[in-house]
There are 4 protein chains.
Amino acid sequence: MTQATIRAAVLGASGYAGAETIRILQRHPHVEITALTAERHAGKPLGAVFPHFAALDLPDLVKIEDVDWSTVDLVFCGLPHATTQEVIKDLPAHLRILDLSADFRLKDIETYAQWYGHDHLAPELQKEAAYGLTEIYRQEIGNARIVAVPGCYPTASQLALIPGVKHGLIDADDIIIDAKCGVTGAGRAPKEGSLFAEAAEGIHAYGVAKHRHAPEIEQGLSAAAGRPVVVNFTPHLMPMNRGILATCYVRLEGGASAEDLHKALDTFYADETFVRVLPYGEVPATRHVRGSNNCWIGVVADRMAKRAIVISVIDNLVKGTSGQAIQNLNVMYGFAEDTALEKVAMFP
Amino acid sequence: MTQATIRAAVLGASGYAGAETIRILQRHPHVEITALTAERHAGKPLGAVFPHFAALDLPDLVKIEDVDWSTVDLVFCGLPHATTQEVIKDLPAHLRILDLSADFRLKDIETYAQWYGHDHLAPELQKEAAYGLTEIYRQEIGNARIVAVPGCYPTASQLALIPGVKHGLIDADDIIIDAKCGVTGAGRAPKEGSLFAEAAEGIHAYGVAKHRHAPEIEQGLSAAAGRPVVVNFTPHLMPMNRGILATCYVRLEGGASAEDLHKALDTFYADETFVRVLPYGEVPATRHVRGSNNCWIGVVADRMAKRAIVISVIDNLVKGTSGQAIQNLNVMYGFAEDTALEKVAMFP
Amino acid sequence: MTQATIRAAVLGASGYAGAETIRILQRHPHVEITALTAERHAGKPLGAVFPHFAALDLPDLVKIEDVDWSTVDLVFCGLPHATTQEVIKDLPAHLRILDLSADFRLKDIETYAQWYGHDHLAPELQKEAAYGLTEIYRQEIGNARIVAVPGCYPTASQLALIPGVKHGLIDADDIIIDAKCGVTGAGRAPKEGSLFAEAAEGIHAYGVAKHRHAPEIEQGLSAAAGRPVVVNFTPHLMPMNRGILATCYVRLEGGASAEDLHKALDTFYADETFVRVLPYGEVPATRHVRGSNNCWIGVVADRMAKRAIVISVIDNLVKGTSGQAIQNLNVMYGFAEDTALEKVAMFP
Amino acid sequence: MTQATIRAAVLGASGYAGAETIRILQRHPHVEITALTAERHAGKPLGAVFPHFAALDLPDLVKIEDVDWSTVDLVFCGLPHATTQEVIKDLPAHLRILDLSADFRLKDIETYAQWYGHDHLAPELQKEAAYGLTEIYRQEIGNARIVAVPGCYPTASQLALIPGVKHGLIDADDIIIDAKCGVTGAGRAPKEGSLFAEAAEGIHAYGVAKHRHAPEIEQGLSAAAGRPVVVNFTPHLMPMNRGILATCYVRLEGGASAEDLHKALDTFYADETFVRVLPYGEVPATRHVRGSNNCWIGVVADRMAKRAIVISVIDNLVKGTSGQAIQNLNVMYGFAEDTALEKVAMFP
């Protein structure tokens, strides 16, 4: 791969995932943004929907149908599900695609149909899509034309759990993931539940036992376990903008101790740029990764015998969405994996 | 008991628990506040430490040693642990006591010594202290001279779990309590971790596997189970002032379903004023009980077989501290149990 | 006036003003809520739109056309402007009305037309409407059939400024009101600008030099000055739920000092239950009135010669909306003015 | 100037200003951090006081007396006032200094003594200190050995006002600055007023008519006006981490209109990298500059005749402190002025 400039389009530039992608891309030395789309805002400058970009020199927003694909090498797709499948299957074949939606994450199109309520609209493309959890599927990602960027919760959960499951240190049939996410996870669509007055100064669980990230997490853990597993995944809405914290309660297997689990995680991620396993017994805070592409993981022994607690944190908009997409871009084009990505949080 | 006026003293009036106690007491028709203490602020009016009380006609702050106990019938004690035991054991015997600290909550003084790092200083008084979880120990509370008001986390956790454990619907050896609390839970002492800039826009777990509320929860669940149990209790700090949400992950026992568990809870609390079990499958939010003395509980079936999720919410300063203390006062003196207490949240 | 029970309807019960009205009314000993309306939610229980009311025994939501007015004495009207005029002009004449909208606040219907973009739809009713700033217009309110409850900003601003203007201590032609309000001021309609992710962790001014509360403030100050005045009014959106703080910059007139202004305010409000003038030189915080019907006012001398700073705070949903409405209800029916209203803030 | 590596020390690395300086410096291609000091934390790694830095390879914290100055070219001084003067006057003469404290900002040592309560301890050094408001004093800064980095409020205020005063478009004797700042402005010292529970969900003014940034602002505006001026400066504490918004109320002079003032500002800053004047009539939000070194300024005509409103926003920790310091570093050493500094906000 040469260090030539990659020409990128961002579809769905008026949402938070689109904005975060642009924020990171604009400092990538090898990427030029050549198209931005937003159906309802076509014709406006990006600064009209996101004033903080007003001073940048970027293309105006257009409709997808008006993009000149000959000026594009790579597409970031931040569209709603279902729409995504329809749009992507009609894109020219020379384009590589980083899809931020859920549309190509589930390998099994029947599981997709069951959780999303309609048949998959691009089953052929599904077969060639790599799952973009960089630390786990780096090889496939490098060679893929289409990469399905994982969900925010599945990123935090799988990075915390896959090594232990893979090494047989964790009972894959007794995993509880109590996850907490900031309000940006709900997107920019004006919904009553996302209003400041509804989300501030209070917390609640939502989508209990039926959140669509559950099958995605189970897909990854099943692959690690080598057999189908079902887990508890319970998300909660937090009064903050950014951040996911996944508190994972696990039963240790095969005589392993919590220290053994810690050591396995530490070894597994020893060469990674963005994943850091804290010293045994320490736990991470979301604010310590805010704005960065980091995932920090802590392991503590439970007071209950043969159990441990694994806690992981990420910024849901960075490692949980746009940052991981750009990490994948770096892998796909052979750039240094941390190009344009922060490794130090903006704190406070 | 007559409806005569009870003369109350609040020890430790410069902390949040003291303030919340005063806020509620000042609208209690049968209570008069006759003494307020705050060691470092003795001599000042209460408005000097809590400006929002400046317009009230209340006694000035004094040192504990300067209280004229002949003007007092009932003491709210909001002092640090250990200090509390020393102060209470020297109080005149005519006083009834509602202790907001942890000092008289643990029946077993060895467990106390183990978790608090020093011998219990008033073991004789410990024997006569009732545990003030009103819905569970109403009878003992009514007759007690000393009532140990439960901790905020133990209140939310035990109300959610005791009925199921008591009726054998929950496996008491496989309980995970993932709890989340607002920053007022940390008190008013200026600590770096409680600063706005440290606590806002981020979350973290703390005291993992070693928080002092764990033995208190276990004491209550052991009593319900009829044998000693150990549970997982993992607290998290939330960027909000008030509220606790306890997400309890339980294994169902004896062939019970999640609906059975829901029904048992609903029946158990059917006559309670402040505890409400939501319709099956619904979950509560802390903002729906903020400022009230309510505890709301929801039950949902887990996707994992034979498991359920029980979620309870309270306002940590009201049902979790001062409100429950005054609920106990009402029981002790034969007032209507909801006197001076809110049943409707202040939302938004 | 007897202490008989007043039967109240709340129109627009699914908004924040409606909810706050219900929250306060449900503890009013002389009011019974007999009808609740919400057009889009007709047929549902109130708990379906505001879960925190789910445990109360209240009438279900209906459409306005389905209210049985024979069961109603008093109407709280929390509808959008224009709609309000149309609805109110068709109500039976036996009803007394507390209007929470802007529709009857401006005495001059041409000013109304200019700022609201359409002709006044009930000019006859406008003539009989009293302006419900209780401390200033108590007499008219007591006798009125229709009371226009003032806007939140105009309440905080006028209470701070009217005494000084009326007594000629302030130059009415050089008044700057820098006002700050929490997000509930924007209502519950899902708008992008009210989303948590847009409103948290940041501030901005809005409606600069064109906010519709400006003519309302000018109407009150003109009346006090005895001549038309124009003022600066600049509102800002704050990342909090409740509270208004109005920082008023004034030029002292006629040789008055800041102390003179303070003394005049203090005297003016000496007998008021809810308005408190702080000791000279002290300034109030919104959190010290949160949840209460209080307005607290502070006066400080400016470093610039012959100028002073007057700062007032209220809870925008209470004294700024529903609390003041119920204060007016108490005046209209001869109840103690503080019936059902808090005088102590919920802090923290 | 060559592009050689500058070796920097950060004194007071355990405060927010120190942390923000390190955060920005660690991505500066021409700066190496060779020493970090924190008196109470000497001997610890930086990650012990700021966990988000734990993964970086940085020198451990030491006491100032233990720094080997031969390894240092440039000192960032983030110490308390008075201490700063004592420390700086004893530093070796080869060091260049960027002082983040207030100690060298006021040219007149008598004004310093009056506002800070003690005589200036390094009056000789005061004479050679440049005032580091980059856009205004770039020339002096480039040649200075000691640069006093302006306060956060003075930065936002002066950038908004100096062009208008300098060009005679604003009456320098009738300026009101209503300023609002996030809680990080109060620093990391554990103070009751900075606690989450005290600062969240509420606002208040503080230091009214006596804040120490007033004389600093007046110094700058007096220089622009060519005569001594006194202004109103009223700061308010906001429930957010980062951001300053200064709402400046000005009287137009010499027949100038608000458009004229806008045009003058626009022209004045036309070539600046970080200062942006918005289109006439638009106003900025702090969230649109968060994390960046930008200052955005808006101008609106007042409804009051011959008056205008100028609103400026900055991130108080970046352009208001550490970012401006590093902007000055870039000027002092001839690097591109935006090296290591962000021009796009982190939003949301």
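Numbers restart at 1 for each chain; the letters A, B, ... are given by sequence-line order, proteins then strands. The basis for the numbers below is simple: all heavy atoms, side chains too, and nothing from hydrogens, waters or symmetry mates.
- Ranked by heavy-atom pairs under 4.5 Å with chain A, the list D/A345, D/P348, D/P284 is led by D/P348.
- In this structure, chain A has no heavy atom under 4.5 Å from any part of D/I22.
- Taking SG of D/C181 as the reference point, atom CE of D/M240 lies at 6.5 Å (rounded to 0.5 Å).
- Of the residues A/Q327, A/K319, A/E337, the one that meets the side-chain hydrogen bond (donor to acceptor under 3.5 Å, both in side chains) test with A/N293 is A/Q327.
- For D/E282, no part sits under 4.5 Å from any heavy atom of chain A, backbone or side chain.
- Interface summary for chain A: among D/Q26, D/K343, D/E20, D/E201, the most heavy-atom pairs under 4.5 angstrom belong to D/Q26.
- Contact of A/L56 with chain D is made through the side chain alone, with heavy-atom distances under 4.5 Å.
- Rounded to the nearest 0.5 angstrom, A/F76 CZ and A/I33 CD1 are separated by 8.5 Å.
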### Message
Determine whether D/H52 and A/R290 satisfy the following criterion, side chain to side chain contact (heavy atoms under 4.5 Å, CB included), listing intermediate values before the conclusion.
### Response
CA-CA 9 Å; D/H52 66 296; A/R290 184 169 57 221; over 6 Å; no
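- Ring pair D/F50/D/Y16 is tilted by interplanar angle, where 30° to 60° counts as tilted.
- In this structure, the side chain of A/H30 does not engage the main chain of A/T5 through any donor-acceptor pair within 3.5 Å.
- Of the listed residues (A/R23, A/R188, A/R276), the greatest number of heavy-atom pairs within a distance under 4.5 Å of chain D belongs to A/R23.
- Only the side chain of A/L317 has a heavy atom closer than 4.5 Å to any heavy atom of chain D.
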